[in-house]
Amino acid sequence: MTTRVRFAPSPTGYLHIGSARTALFNYLYARSTGGKFLLRVEDTDLARSTEESTRSILDGLAWLELGHDEEIVFQSNNADKHRAAALRLLAEGKAYRDFTPKEAPVQGNIKDAIKERARAEQGETTMRDNPYRDLTREESDSRAAAGEPFAIRLKVPVEGRTAFDDQVYGIQERDYADTEDLVLLRSDGHPLYNLAVVCDDIEMEITHVIRGQDHLTNTHKQILIYEALGVTPPTFAHLPLILAPNKGKLSKRKHGEIVSMTTYRDAGFLAAAFRNFLALLGWSAGEEQEIYSLDELVEKFTLEGIHRSNAMFNFHPDDPRKWTDDKAIWFNAEYIRTMPLDELLPFVKAELRSAKLWREEYDQAGVAMSADIPSTADLGPDGRPATVAAAIQEIGSRDWLIRTLDAIRQRFFTLKDFSNQGRAYFSEDFDFDPAAVAKNLSKFPDLQTWLPELADRFGSEFGSQTETGAVATDKAFTESEIETVVKAFTEEKGTKLGVIMNGSRTLLTGVGVGPSMLTVFEIVGLDRTLTRLRSQIPWNL
RNA sequence: GUCCGGUUCGUCUAGGGGUCUAGGACACCGCCCUUUCACGGCGGCAACACGGGUUCAAAUCCCGUACCGGAUACCA
């Protein structure tokens, strides 16, 4: 039998991290068993469901690349079938009409009100003392015919218990006495959750229900419905919950966008990295590996590897540097710096493009400077072309882009960093970090004259314009040549190399961190290096 | 209240009676590398909730307690 699983969110908000992980696990289970991953939107709560939520959830799933099979099922479309099922159970005597007038909706905190009521009723009533439970069929029919409103409740047997073997939590048993005669159909004819879920899962031929642990006790009710309907229940696997830092349940209302999937997408997270993070929140393959590709996850995923204890998602909304879980950030950084460049490139392209930093020339591989690409005979000892400078200095070239991205990504955390911290590599319009200016420039006033002098030196050494006129040489602006020049210059000034390098870094990139300064000179290129070394802007800040 | 579930470093976790003076990862802290650094290398700090059993032997099995979580609705 082919396994068929479903992800069934209710569209009452965006896709949050807990639901996303449920979707992931369903997806992984389907793929690992060669089954189908279905999607069902549980939009039966008309008051709270919105189309916008549905779209947001779909966006989140698309971002995570959790593609579903078959058509999306909208639960509200099946209301007639749900009603028919309830009516059938009524006709068969497995459910009954409850003529008790509907209670007024509670004010304030619903959860508290329910808890309070449950506590108050404790000991005074049993689950089976509804006065309408044993009404004769004739009387029930005639009251209904007379137009008296009623809800339909399941007639839970007095003696016995429900039992199922949860694939994560093991054997679960519950006495019927602990389950109320749940409402199947509201007095306005609206079918309720437990009924709708069971009917749809039957219709969709779901074989494995994989969902949050908050449904563990609902399962007993659902099994009762399966039994009444005469259908064998599917296999159940409940997932531990993902908790907020206060160990409370993750809530869209309370925790806001920080738990929304789209927040991570928009913050420059890579779907692959976030998926990896999510997979390890409540599941493990029992080994020490941390980085898993989607294929590896599919290959290694088992229900046995799912944990029973809840996990905490450690976000800090007030800390800009660590606004979300450390490990999520680490995964993202790890992916950014180790992913094959050609896989990373499309994401960087999108980021640069949205920041208006992308140039169409980046797409044209090697055309502009094909004449300058060195032959293999020119490879230096480090395996890099010794005379590559001409090619990589062509700012509009793909080669330059690749080299630059590879150098700067080593210290980046999100895709956003390419357009923020990395801005100076792609644009003349960048800001200076005051801390870097203070630490690397203001502390050494001599640099205000030295660095323009260094620009002149570069100009005369590498053949570009100086303030006194054009000089042409054939020396390439490459790391080793640059190093020679900078070292000589530093000695002349009787200062330390670090002073010159860090001052240059700040002037060239606006920030205090980055790759080796020699690399930075090279990828910023001679022309821009000269201009920026002469810039007086940061000195006047 | 009742029912159900859970409890290993701050966090994510490995562990299924002896190989556990409890392993890995993130974070944190040192040292190294170095022109900076949030890269890299090396090292450090840090946990079996508590109490009883069972056993030659328990983080691992059983019972109790505590704490945490979930459910308890004519919401989903």
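In the text below, chain A, chain B and the rest are named by the order of the sequence lines, each starting its count at 1.
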Discussion item. Expressed as a whole number of angstroms, how long is the span from A:F164:CZ to B:A71:C1'?
Written reply: 12 Å
Worksheet, complete the sentence: Which of A:R97, A:R128, A:K94, A:K155 passes salt bridge (Lys or Arg N to Asp or Glu O under 4.0 Å) with A:D181? It is A:R128
Fill in: Pair partner, B:A14 [Watson-Crick or wobble, under 3.5 Å]
none
Discussion item. Nearest to the side chain of A:V183, heavy atoms from C-beta on, is which of B:A71, B:A14, B:C74?
Written reply: B:C74
Worksheet item: Of the nucleotides B:G6, B:A25, B:A14, which has the atom closest to the A:K327 side chain?
Response: B:A25
Fill in: Touch class at under 4.0 angstrom, heavy-atom based, for A:M312 against every strand present
sugar-phosphate
Worksheet item: Could you give the CG-to-C1' distance, from A:L182 to B:C3, as a whole number of Å?
Response: 15 Å
Discussion item. With a 3.5 Å limit on both atom pairs, tell me what B:C33 is paired to, counting Watson-Crick and G-U wobble, or say none.
Written reply: none
Worksheet item: For atom P, what is the distance between B:G24 and B:A47, given to the nearest Å?
Response: 14 Å
Fill in: Check: B:C74 base within 3.5 Å donor-acceptor of A:S187 side chain
yes
Worksheet item: When the P atoms of B:C61 and B:G16 are considered, how many whole Å apart are they?
Response: 10 Å
Worksheet item: A:K322 has a side chain; which of B:C74, B:C28, B:G70 sits nearest to it?
Response: B:C28
Practice prompt. Please tell me if the side chains of A:P240 and A:R308 come closer than 4.5 Å, counting only heavy atoms from C-beta onward.
Written response: no
Worksheet entry | Candidate nucleotides B:C26, B:G5, B:U36, ranked by approach to the side chain of A:W330 - the nearest | B:C26
Item to complete: May I ask you to establish whether A:R457 and A:F489 are in a cation-pi arrangement, using a distance under 6.0 Å from NZ or CZ to the six-membered ring centre and at most 45° from the ring axis?
Response: no
Discussion item. In whole Å, measure the gap between the P atoms of B:G53 and B:U13 for me.
Written reply: 33 Å
Discussion item. Side-chain N or O of A:K111 versus OP1/OP2 of B:A71: is the shortest distance under 4.0 Å?
Written reply: yes
Response to the item:
Picking from B:C26, B:C75, B:U36, the nucleotide nearest the side-chain atoms of A:D326 would be B:C26
Worksheet item: Between A:F331 and A:F269, is the gap from one ring center to the other below 6.0 Å?
Response: no
Practice prompt. Cation-pi check, A:R409 to A:F418: give yes when NZ or CZ is under 6.0 Å from the six-membered ring centre and within 45° of the ring axis, no otherwise.
Written response: no
Worksheet item: OP1 or OP2 of B:A76 sitting under 4.0 Å from any side-chain N/O of A:T44?
Response: yes
Discussion item. Rounded to whole Å, how long is the line connecting atom CG of A:N310 with atom C1' of B:G69?
Written reply: 6 Å
Fill in: Nearest-nucleotide 5' precedence on RNA chain B, A:I171 against A:Y193
A:I171
Worksheet item: Where the side chain of A:I110 is defined as all heavy atoms beyond and including C-beta, which of B:C75, B:U11, B:A73 is the nearest nucleotide?
Response: B:A73
Worksheet item: Using purine N1 to pyrimidine N3 plus N6-O4 or O6-N4 for Watson-Crick, or N1-O2 and O6-N3 for G-U wobble, both under 3.5 Å, which nucleotide pairs with B:A66?
Response: B:U7
Fill in: Same-atom distance (C1') from B:U11 to B:C45, integer angstrom
15 Å
Worksheet item: How far, in whole Å, is B:G18 from B:G52 if one measures between their P atoms?
Response: 23 Å
Discussion item. Please report the distance separating the C1' of B:G17 from the corresponding atom of B:C12, rounded so that it comes out in whole Å.
Written reply: 27 Å
Worksheet item: Is any side-chain heavy atom of A:K493 closer than 4.5 Å to a side-chain heavy atom of A:E453?
Response: yes
Item to complete: Please determine, for the side chain of A:L281, which listed nucleotide (B:A14, B:C4, B:C12) has the closest atom?
Response: B:C12
Worksheet item: In whole Å, what is the span from the CZ atom of A:F331 to the P atom of B:C26?
Response: 9 Å
Worksheet item: Taking the same atom, C1', in B:A22 and in B:C9, what whole-Å distance lies between them?
Response: 10 Å
Worksheet item: What about A:R153, does its side chain sit under 3.5 Å from the base of B:C74 through a donor-acceptor pair?
Response: no
Worksheet item: With both distances kept under 3.5 Å, what pairs with B:U72, Watson-Crick or G-U wobble?
Response: B:G1
Practice prompt. Can you figure out which of B:A71, B:U36, B:C39 approaches the side chain of A:R337 most closely?
Written response: B:C39
Worksheet item: Among B:G6, B:G69, B:U35, which is the nearest nucleotide to the side chain of A:Y169?
Response: B:G6
Item to complete: Please find out if less than 6.0 Å separates the ring center of A:Y169 from that of A:F236.
Response: no
Worksheet item: Do A:D43 side-chain and B:A76 base share a donor-acceptor contact under 3.5 Å?
Response: no
Worksheet entry | Side-chain-base donor-acceptor pair under 3.5 Å for A:S516 and B:U35 | yes
Discussion item. Strictly distance-based, threshold 3.5 Å: is any side-chain N or O of A:D201 a donor or acceptor partner for the main-chain N or O of A:I206?
Written reply: no
Response to the item:
Taking a pair to mean Watson-Crick or G-U wobble geometry with both distances below 3.5 Å, B:A59 pairs with none
Worksheet item: What does B:U54 pair with, Watson-Crick or G-U, if both distances are under 3.5 Å?
Response: none
Practice prompt. Can you figure out which of B:G70, B:A76, B:C74 approaches the side chain of A:Q213 most closely?
Written response: B:G70
Fill in: Separation between the C1' atoms of B:C28 and B:U34, rounded to whole Å
23 Å
